[in-house]
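Labels below follow one simple rule: chain letters A, B, ... track the order of the sequence lines, proteins then strands, and each chain is numbered from 1. Just so it is clear, the structure is predicted and the values come from calculations on it, not from any experiment.
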There are 2 protein chains.
Amino acid sequence: MATIKDVAKLAGVSISTASLALNNQPHVREETRKKVLEAAKQLNYQPNGIARDLKSSKTYTIGLILADLAGPFYSELIRGIQDVTASNGYDLVALSAVGENPKSVRYIQEKRTDGMIIMAHNISTEMIRKAARPDFPIIVLDRKMEADHIYSVGVDNRKAAFEAVSYLLKKGYRRIGYLGGPSNSTDNQQRFLGYRDALKAQGLKVEPKWCLQGRFVKEGGYQAVKLLAAQDLLPEAIFSANDEMAIGAMEALEERGIKVPQEVAIVGFDDIQLARYVRPALTTVRQPMYDMGSMAASLLFRLFQKDRSVRSVMLETELIIRESCGGNPSISGGMGNGMEGSDRWSLRNV
Amino acid sequence: MATIKDVAKLAGVSISTASLALNNQPHVREETRKKVLEAAKQLNYQPNGIARDLKSSKTYTIGLILADLAGPFYSELIRGIQDVTASNGYDLVALSAVGENPKSVRYIQEKRTDGMIIMAHNISTEMIRKAARPDFPIIVLDRKMEADHIYSVGVDNRKAAFEAVSYLLKKGYRRIGYLGGPSNSTDNQQRFLGYRDALKAQGLKVEPKWCLQGRFVKEGGYQAVKLLAAQDLLPEAIFSANDEMAIGAMEALEERGIKVPQEVAIVGFDDIQLARYVRPALTTVRQPMYDMGSMAASLLFRLFQKDRSVRSVMLETELIIRESCGGNPSISGGMGNGMEGSDRWSLRNV
DNA sequence: TTGTAAGCGTTATCAA
DNA sequence: TTGATAACGCTTACAA
């Protein structure tokens, strides 16, 4: 690997001159610059970014940690972040936090980026708190937390879940199950509370036998519902804490010839791309993922600029009515460009 | 930011001793180690990864560059890579190459990782060739290229396309269009050649009016087909160079009330997750994305170990018959966990 | 306009 | 068992 030293030597100048020339700094004679550039080319010189980062304590990179990079859930989120980072001349690197003790925390602790956006329930709040610094702000998307140099961007999960379940109740369903995610996930906890609140508001209470664990993945939803169906314990409706599990649930039901929504209604959460393509199309709570992403990134850049007015933000969700709980499918088909539905059902401020 | 220097000072030892203690090296008195660890904790010390990387010229990270991180296409690929990197104790960082002159090339050039996997047609072959080094191998997934420290993993696009189009021909379709991606994409070029070959083998030739450009994105497929339909120029069948465009095409047709497959048949390429969910379910060429990912990563690790036997690899594709060109849907339904058909791929050396 | 030299935070070598 | 000290490759005062 050719270093700047080699370039300088070949060009017959000092290292600092070589550096100046290479970085298009003024105060370098044109002839000298040419010599240096020529030498660099000849050696196929490429600067070592790590050394530069170390020296300048700046990486022009922001990091994004997701529980599962490969999940279908994140497209719009990534797009939102990316649009903002790119327009600020930054790179975005994404990593996923897999397993109980994700290796990627190393990446947070060791500060290989200028800031972080995190949406991974398997990364502990404690860890995040420890890693944040004035020059290393962190935005969390999957929990509520406000501490020095830490901000959160998200939706009011409890309220959103409350409304989704209330919708089921309004349609006359009484025996409503909950298909949940990992218990250490704040999102899951809040959605469960919203579910409980809604039942309670109608004088109903949570039935443990209908509280399923699906780990936020399709296979989990599939297994949980399959088991319940085998025991003949199915409720009339299921509120699933995310769409993936809801789709798994639908497949389990289909396998047993149980009709959705006629026999069991289903509501999901997230509005992933697939939601509108499954049959029946999934009624679900839309999270404004693109906005969450761009908001998180903007916050970060404002923080880089020492903007003191930054605060955590909560965005609005929207219940998207499709076919999976019967009744007026108002949406299905269309370009799926995320534009449908802004006029439909409720929008609310938090 | 507390550095190791601060820790050393607080513990009353030298920097080197602090380093030894912190890294669990032997030859440190237990008492001393305790003192150091205590100091580190008190200062909330976290090692600076960049400095470490610089010193050790090793990052224990491999990079993945995708044309569009947010695309639906990559889940399985990422999973394949991730499984291998994680089991080798490495991190995976993903970046996307957006636009004509992607900023992320910086990441390649500046070697912030120990190796790279690239699937982004907007990164030039020239650039890749320049960046590869003995200690910085690169695996390309979207083009055929073999040079020092560069290997490719992929499928035989031309053959796969040939088979897909031949299938249409065998079903009796004669007027077959091509919905293609960016012209600088090798994948696109090869698929087009396969399409042409298949037509030629039946004495047919390519009709320019049926050669559409959809930029590999859904919206592109939608627009192109919409336009063609408006001019009443639709062929009997369309071979789309990827699934996203195929789905866009289907939506354009649906909008005009044109039935698939009765009036226009469609075949896609990739077998993304959505393909089995759209109605009619999409007949398409499955690329073994998971295997491509794990294979690419394995190659990298073998290279790290100076394994000289590494060679480029070509994997087999498979035509998945569903409903979008009429006739015998052989696969559809199931858990969609990507496990179907895994007994069918074979490895071929190039 | 160019060169010398310090330093970013580590790890590693060698003496003490 | 510990401590000086020299790198790693770069940027940047400051001096010449």
Which of residues 41-63 of chain A have a heavy atom under 4.0 Å from DNA chain D?
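Nucleic-acid contacts, sorted: A:Tyr45, A:Pro47, A:Asn48, A:Ala51, A:Arg52, A:Lys55.
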Mind running a 4.0 Å heavy-atom check of residues 28-36 of chain B against DNA chain D and sending the residues that fall below it, in number order?
B:Val28, B:Arg29, B:Thr32
Please identify each residue that fulfils side chain to side chain donor-acceptor pair (under 3.5 Å) with A:Asp53, with sequence neighbours left out.
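Checked A:Asp53 against side chain to side chain donor-acceptor pair (under 3.5 Å); matches are B:Arg112.
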[X] side chain to [Y] main-chain N or O, any donor-acceptor pair under 3.5 Å?
X: A:Ser14; Y: A:Thr17; answer: yes
X: B:Asn44; Y: A:Lys130; answer: yes
X: A:Thr113; Y: A:Ile62; answer: no
X: B:Ser96; Y: B:Val98; answer: no

Which donor-acceptor pairs under 3.5 Å do side chains of residues 24-35 of chain B form with protein atoms, sequence neighbours excluded?
unit_1	atom_1	unit_2	atom_2	d
B:Arg33	NH1	B:Ala21	O	3.2
B:Arg33	NH2	B:Gln25	O	2.8

Results of salt bridge (charged side-chain N to carboxylate O under 4.0 Å, His left out) for [X] - residues two or more places apart only:
X: B:Arg302; value: B:Asp307
X: B:Asp68; value: A:Arg79
X: A:Arg215; value: none
X: B:Asp114; value: B:Lys58

Taking 5' to 3' order, which nucleotide of DNA chain D is first and which is last to have an atom within less than 4.0 Å of a heavy atom in chain B?
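In short, chain B contacts DNA chain D from D:dT1 to D:dG9.
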Would one find a side-chain N or O of B:Ser19 under 4.0 angstrom from OP1 or OP2 of C:dT10?
no
Using whole Å, report how far [atom1] of [X] lies from [atom2] of [N].
X: A:Lys9; N: C:dG3; atom1: NZ; atom2: P; result: 15 Å
X: B:Ile4; N: C:dG7; atom1: CD1; atom2: C1'; result: 16 Å
X: B:Lys5; N: C:dT11; atom1: NZ; atom2: P; result: 15 Å

Looking only at heavy atoms, which two atoms of B:Pro288 and B:Val155 are closest? And how far apart?
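Heavy atoms only, the tightest pair is CD-CG1, 3.8 Å.
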Please list every donor-acceptor pair under 3.5 Å in which a side-chain atom of residues 115-126 of chain A meets a protein atom from a residue at least two apart or in another chain.
unit_1	atom_1	unit_2	atom_2	d
A:Asn122	ND2	A:Ala97	O	2.8
A:Asn122	ND2	A:Gly99	O	2.9
A:Ser124	OG	A:Met127	N	3.0
A:Thr125	OG1	A:Arg143	NH1	3.0

With 3.5 Å as the limit, what N/O pairs link the protein to nucleotides 14-16 of chain C?
none

Bend of the helix from C:dT1-D:dA16 to C:dA16-D:dT1 from end-axis comparison, five pairs per end, nearest 10°, comes to 50°
Here's a test for you: under side-chain contact (heavy atoms from CB on, under 4.5 Å), which of B:Thr85, B:Ile81, B:Leu69 qualifies with B:Leu64?
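Result for side-chain contact (heavy atoms from CB on, under 4.5 Å) with B:Leu64: B:Ile81.
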Ring geometry between A:Tyr90 and A:Phe304 (parallel below 30°, tilted from 30 to 60°, perpendicular above 60°)
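The arrangement is parallel - the two ring planes meet at less than 30°.
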